[in-house]
A.B. asks: 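Submitted below is the structure of interest, expressed as structure tokens.
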Amino acid sequence: MRILYPFAKRFIAGEDLATALKNICKLNENGFLCTIDVLGEDTHTPEQAANARDEYIALLRAIETHPTPQDLSVKLSQMGLAFDYDLCKQNVEAVIDAAGQNTVRFDMEGSNLTQGILDMCLDLHEAHPRLGIVLQAYLHRTERDIATMIDKQISVRLCKGAYKEPETIAFQDMQDIRENFLKLAHVLLKEGHQPAIATHDETLIRHVLKFIEKENIKPEQFYFELLYGVRRDLQQHLLDLGYRVRIYVPYGNAWLPYTLRRLAERKENILFVVKSLIRETLGLRKLGK
């Protein structure tokens, strides 16, 4: 599947830390903030979890002198949550302790891990107030979880949801998901602590912009968050409007599953790959290769 890597570069900032940092610096120089994700999930041994922990610590050491604080997105399955809660907690605390002024945010995963991720966040937040979390609008439980996070003043990044879940726990119809997303976004924007509205859905963004104007919510009270390499025009438009825009920047050698998810999400992403493949093929022919 190495043939897909030229297209993966659209969605990831590089296979290694040095390459990723160059792209992160460019984004910061252009006015964007960043959430950095070291790709990988579902470790099965303490050694694999320790390696993931050490990759994040190496990243944090590399950005110690960076002038712009970064937001780190951590998958707890990467840190060992699926097989040892206490080990995962030790690994996560080591990352948080190394984070300094950078924010650590727990990414959300499949529903089998949802409660464990929430428990870990609540367990650690009092000692580490810069800790944040991601919540998914398509889960029926999320309205209740958001109320808890608002009560604890924990920063929430709200997204639609990326995992296939049964109808007993998740909305299935996209219109229902959109409606719930907007309802939850309104609550977070009015009552939440530095929430991030994470979507590329222009319909949702238009509604959010109208709500912000109506409720006189200031740009410094929240963030928009979008994926690296996806809808760069929309990213720039929101930045030009004066809003804080954070780009979710993944990097690492575990790029294939992430790339395949991005390609599956939107037909525009598949068209991008097809066009790039045609251009690449024509370019090679012109060079006689």
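Quick caveat, the model's predicted, so the values are computed rather than measured.
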A.B. asks: With the side chain counted from C-beta on, respond yes when Glu109 and Tyr163 share a heavy-atom pair under 4.5 Å apart, and no when they do not.
C.D. replies: yes
A.B. asks: Backbone N or O of Ser73 within a donor-acceptor pair of the Tyr56 side chain at under 3.5 Å?
C.D. replies: yes
A.B. asks: Between Glu225 and Leu158 (side chain of the first, backbone of the second, donor and acceptor by atom type, cut-off under 3.5 Å), is there such a pair?
C.D. replies: no
A.B. asks: Do we see a donor-acceptor contact under 3.5 Å between the side chains of Gln172 and Asp176?
C.D. replies: no
A.B. asks: Any side-chain heavy atom of Thr19 sitting closer than 4.5 Å to one from Leu21?
C.D. replies: no
A.B. asks: For Thr68, does its backbone N or O pair with a side-chain atom of Gln70 as donor and acceptor, under 3.5 Å?
C.D. replies: yes
A.B. asks: Determine, stepwise, if the pair His140 / Phe171 fulfils side-chain contact (heavy atoms from CB on, under 4.5 Å).
C.D. replies: CA-CA 7 Å; His140 299 316; Phe171 296 106; 3.6 Å; yes
A.B. asks: Taking the side chain as every heavy atom from C-beta outward, state whether Lys160 and Asp201 have any pair of such atoms under 4.5 Å apart.
C.D. replies: yes
A.B. asks: Find the distance between CD (Gln136) and CZ (Phe181) and round it off to the nearest 0.5 Å.
C.D. replies: 11.5 Å
A.B. asks: Hey, is Arg231 close enough to Glu202 for a salt bridge, meaning N to O under 4.0 Å?
C.D. replies: yes
A.B. asks: Please check: side-chain N/O of Gln153 versus main-chain N/O of Ile150, any donor-acceptor pairing under 3.5 Å?
C.D. replies: yes
A.B. asks: Under a plain distance cut-off of 3.5 Å, with no hydrogens placed, do Tyr248 and Asp37 share a side-chain donor-acceptor pair?
C.D. replies: yes
A.B. asks: Would you say that Asp71 contacts Cys34 through its side chain, given a criterion of any heavy-atom pair below 4.5 Å between the two side chains?
C.D. replies: no
A.B. asks: Counting N and O atoms only, with roles assigned by atom type, does the side chain of Ser155 sit under 3.5 Å from a partner on the main chain of Gln194, one being a donor and the other an acceptor?
C.D. replies: yes
A.B. asks: Rounded to the nearest 0.5 Å, what separates atom CD1 in Ile177 from atom CG in Leu204?
C.D. replies: 10.5 Å
A.B. asks: Please test Arg157 against Thr35 for side-chain contact (heavy atoms from CB on, under 4.5 Å), starting from the C-alpha separation and ending with a verdict.
C.D. replies: CA-CA 11 Å; Arg157 182 204 306 154; Thr35 288; 3.5 Å; yes
A.B. asks: Begin from the C-alpha positions of Thr114 and Arg141 and carry the test side chain to side chain donor-acceptor pair (under 3.5 Å) through to its verdict.
C.D. replies: CA-CA 10 Å; Thr114 299; Arg141 64 172 293 165; 5.5 Å; no
A.B. asks: Would you please indicate yes or no on a ring centroid separation below 6.0 angstrom for Phe224 and Phe222?
C.D. replies: yes
A.B. asks: So, Glu215 and Lys190, do they make that salt bridge, N to O below 4.0 Å?
C.D. replies: yes
A.B. asks: Can you tell me if Thr203 and Arg178 form a side-chain donor-acceptor pair at under 3.5 Å?
C.D. replies: no
A.B. asks: May I ask you to check whether over 12 heavy atoms, not counting those of Glu179, lie within 6.0 Å of atom CD?
C.D. replies: yes
A.B. asks: Answer yes if the side chains of Asp173 and Tyr138 hold a donor-acceptor pair under 3.5 Å, and no otherwise.
C.D. replies: no
A.B. asks: side-chain contact (heavy atoms from CB on, under 4.5 Å) between Ser77 and Thr43: does it pass, once the steps are laid out?
C.D. replies: CA-CA 6 Å; Ser77 69; Thr43 58; over 6 Å; no
A.B. asks: Find out whether Ile96 and Leu131 are in side-chain contact, i.e. whether some heavy atom of one side chain is under 4.5 Å from a heavy atom of the other.
C.D. replies: yes
A.B. asks: Would you check if the side chain of Gln235 reaches a backbone N or O of Leu227 as a donor-acceptor pair within less than 3.5 Å?
C.D. replies: yes
A.B. asks: For a quick test of reading the model, state the closest non-hydrogen atom pair linking Pro250 to Leu39 and the distance between them.
C.D. replies: CB-CD2, 3.6 Å
A.B. asks: Side chains of Gln236 and Asp240 only: does a donor on one sit below 3.5 Å from an acceptor on the other?
C.D. replies: yes
A.B. asks: Do Leu135 and Leu118 have side chains that get closer than 4.5 Å, going by heavy atoms?
C.D. replies: yes
A.B. asks: Would the number of heavy atoms belonging to other residues, nucleotides or ligands and lying under 6.0 Å from CD of Glu220 be above 12?
C.D. replies: yes
A.B. asks: Do you reckon Leu87 sits in the same ILVMFWY cluster as Leu76, going by side-chain contacts under 4.5 Å, direct or chained?
C.D. replies: no
A.B. asks: Locate the shortest heavy-atom distance separating Ile154 from Gly132; write the atom from each residue and the value.
C.D. replies: CG2-CA, 4.1 Å
A.B. asks: Please check if any side-chain donor atom of Lys218 sits under 3.5 Å from a side-chain acceptor atom of Asn216, or the reverse.
C.D. replies: yes
A.B. asks: Does some side-chain heavy atom of Phe32 sit less than 4.5 Å from a side-chain heavy atom of Ile247?
C.D. replies: yes
A.B. asks: Between Ile197 and Leu189, does the side-chain contact (heavy atoms from CB on, under 4.5 Å) criterion hold? Intermediate values first, please.
C.D. replies: CA-CA 9 Å; Ile197 308 303; Leu189 287 164; 4.2 Å; yes
A.B. asks: In the structure I gave you, are the side-chain heavy atoms of Phe211 and Leu182 within less than 4.5 Å of one another anywhere?
C.D. replies: no
